[in-house]
Structures are given as C-alpha cells and as structure tokens.
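Here the structure is laid out as structure tokens; the discussion comes afterwards.
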Amino acid sequence: MSSRPTIKEVSKIAGVSFKTVSRVLNNEKHVSEETRRRVEEVVARLNFRPSHAARTLAGRKSFQVGLLYDNPSPYYIYHVQTGAQQRCTELGYRLLLQPIDSQSPDLVSNVLALIDETHLDGLILSPPVTEATALLDELDRRGLPYVRIAPGTRKDAGLSASMDDVVAARELTAHLIGLGHRRIAMIRGLESHASSADRLAGYRAELEAHGIAFDPALVVAAENDFASGAAAARELLALKDRPTAIFAGNDDMAAGALATAHESDIDVPGQLSIAGFDDSDLARAVWPPLTTIRQPVHELASAAAELILGGAAPQPRVTLEHKLMVRASTGPAPR
C-alpha cells in the first residue's frame, strides 16, 4: 500500500465501486446507510484525504467556495469566517477567504478574475458586498450560485441568511426608554451597510411609538470602528443638552463611545447609558460590559454555507432570531 492511500484502495477494501466512494465523500444521496458506514470506516482507518484536483476532474466541480468580505470590525468578520468555514468543512468543501473593497470601481472585474482563476462553485457575500448591485447582476448573468448574509436591498436576489435589524433596533431602543431615557442618541454606522439604515429606522420608529420627537442632532455618522465611535461620542457629549443614553450601531463603536465617557470622567451607567449591537467578544471584554443585541453572526454564516452547498436547508431564504443582552452599561436615566 502506498504512503498516501488512494480512492482505489478505499473502494477495494470497502468492497464498493469508485463512484460509490465518491458519493459518500461528497455527501450525496442514493447510498445505503450500511454502505456509507462501511466506506466511512475505511476512510477513517486509512486516514484518506480526497484530492481536490481529482474531485474537480471527476465531477467538473472545484469543491471550493469563496467568502467575500469588506468590514472594519474584526470581531464580526472573525465570526463570519468561522461560521462559514466550519459548515464548509463538514460538507467537504474548502472555503477561500477574499478581502475586497466593495466601493472599488474594479470590484466586478476583480471578483470575476477570482472566480475564473479558482473555478469556484459558489460565493458567500457578507455585508456590505451584499449590496454591490453590479456584482449581483454579473453573478446572475453567469449563473454562479451565491448567498448573501444580511441583505438590505434587492432581497429577492440570490439566496440569503439574515435577521430583522429593524425589530432588533426597536427592542434595544425600547429597553433604553423603559429605563427612563428620553435623550437617546444614535451613532450610525456606514451608509454602505444596509443594516445601518435599518437600525436607524428601528430607533426612529420606537421613539415615535413612545411619543418622543426625533432629534437629528442626536444622530452622528461613524465608520463602524472604535476610533470613529469614540469621535462620535465626543461630538454628542459636547452638546449643550447632551444625551443620557447612546445607542451605537455596532459594538466596536459602542466600545469607542465607552472609552470617550471614561476619558471625560462620565460614569457609565450612572450618568450615561451606552448600548451596542452584535454581541461580539468585545462587548464582554470592556468595562462595564455592553448591553447589546446578539446578532447570530456565526449561525448566519453557517446557514449561508448550508444554503450555497445544498445542505439540509431547502428554503432559499433563512431568517434567524436576535436576542437582547442586558448588561451593566445601561441603567436608569439620571435625575
């Protein structure tokens, strides 16, 4: 037997054809449980690893999926990557990670070059790449399968895995209102992210539902990262009638706002409540830990991989639930 076992050896020992071994390795149907078990036992015993090149030649597939991302939050991207990677591995595919500038005029040509060079079987698009209309049009034209994580526009394009940002933002805003806050500011994320508009819409809708007038001076745009969140908080806290609560569009910006409060000797949550969005690892690492919305990023990415690879989920669109995580960064409004 050779130092590296081959599919021929697996099929001989298992007593089945090459095609049957291939079906088992590719998680295909029409294989009996007994046969599948026998092949898997031989694969495990021989420590057999199928060659991607051989699989490509045999089935005209590369067994590779690309993940495109352009997001300044390292915590968000980490969970997107690990969620998609885990499910791809389970389904016998390799995940290629590709950082990309979603605002580049060369976006479409760069992605098409990636597809042509690697012969990808599909693409996972994370926000804000999900909103790149020209890219969606070209993928549709080519007929290449793709799935979008948290799309905000053209929700009928491709497959998708998402959550309801408007409802989640309303719930977080209602939490602050329930604590007695009326001067509630918002640090809005990047306009290129459709979720930023949805979270702003949820914030405004909940204020209106409680008879609280929307004040545009209390909304400051930032860039989804720590530094811009800190700068936005400085602007808000310099107002003559400053807010008693800040709702930041993600945890990175909320952490920046929290740092600004500490620098200004403003007690959180005694004098100022601060809340974020995502429930990233950062939300639990800062002090006080952040009240935030748990966005199931890992699960969304896993569901996206499941959809693009034709796993157990048959529906073209999956919606997952959020959860309000109340921690020590929010408290009653100061009197």
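Model, not experiment: these values are computed from the prediction.
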Test: [X] and [Y] ion pair at under 4.0 Å:
| X | Y | answer |
| --- | --- | --- |
| Glu208 | Arg204 | no |
| Arg170 | Asp198 | no |
| Lys12 | Glu9 | no |
| Glu33 | Arg38 | no |
| Asp279 | Lys323 | no |
| Arg37 | Glu41 | yes |
| Glu131 | Arg154 | no |

Between [atom1] on residue [X] and [atom2] on residue [Y], distance to nearest 0.5 Å:
| X | Y | atom1 | atom2 | result |
| --- | --- | --- | --- | --- |
| Leu272 | Thr260 | CG | OG1 | 10.0 Å |
| Leu123 | Leu139 | CG | CG | 6.0 Å |
| Ser302 | Ile124 | OG | CD1 | 9.5 Å |
| Ser273 | Leu176 | OG | CG | 6.5 Å |
| Phe63 | Cys88 | CZ | SG | 12.5 Å |

request  = Go through the steps for Arg182 and Ile177 under the test side chain to side chain contact (heavy atoms under 4.5 Å, CB included), then give the verdict.
outcome  = CA-CA 6 Å; Arg182 294 297 180 269; Ile177 294 171; 3.5 Å; yes
ask   = For Val286, which of Asp251, Ile274, Leu258 qualifies under side chain to side chain contact (heavy atoms under 4.5 Å, CB included)?
value =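 It is Leu258; the other options fail the test.
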query = Would the number of heavy atoms belonging to other residues, nucleotides or ligands and lying under 6.0 Å from OH of Tyr76 be above 12?
reply =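 Yes, OH of Tyr76 has more than 12 neighbouring heavy atoms, counting only those of other groups under 6.0 Å.
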Tyr78 atom OH, over 12 foreign heavy atoms within 6.0 Å =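 Open: at most 12 neighbouring heavy atoms sit under 6.0 Å from OH of Tyr78.
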query = For Asp106, does its backbone N or O pair with a side-chain atom of Ser104 as donor and acceptor, under 3.5 Å?
reply =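 Confirmed, Ser104 side chain pairs with Asp106 backbone.
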request  = Test side chain to side chain contact (heavy atoms under 4.5 Å, CB included) on Ser329 and Thr291 and set out the steps.
outcome  = CA-CA 6 Å; Ser329 68; Thr291 290; 3.8 Å; yes
message = Looking at every non-hydrogen atom in both residues, tell me the closest pair between His322 and Asp164 and how far apart they are.
response =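 Distance-wise, the nearest heavy atoms are ND1-O, 4.4 Å.
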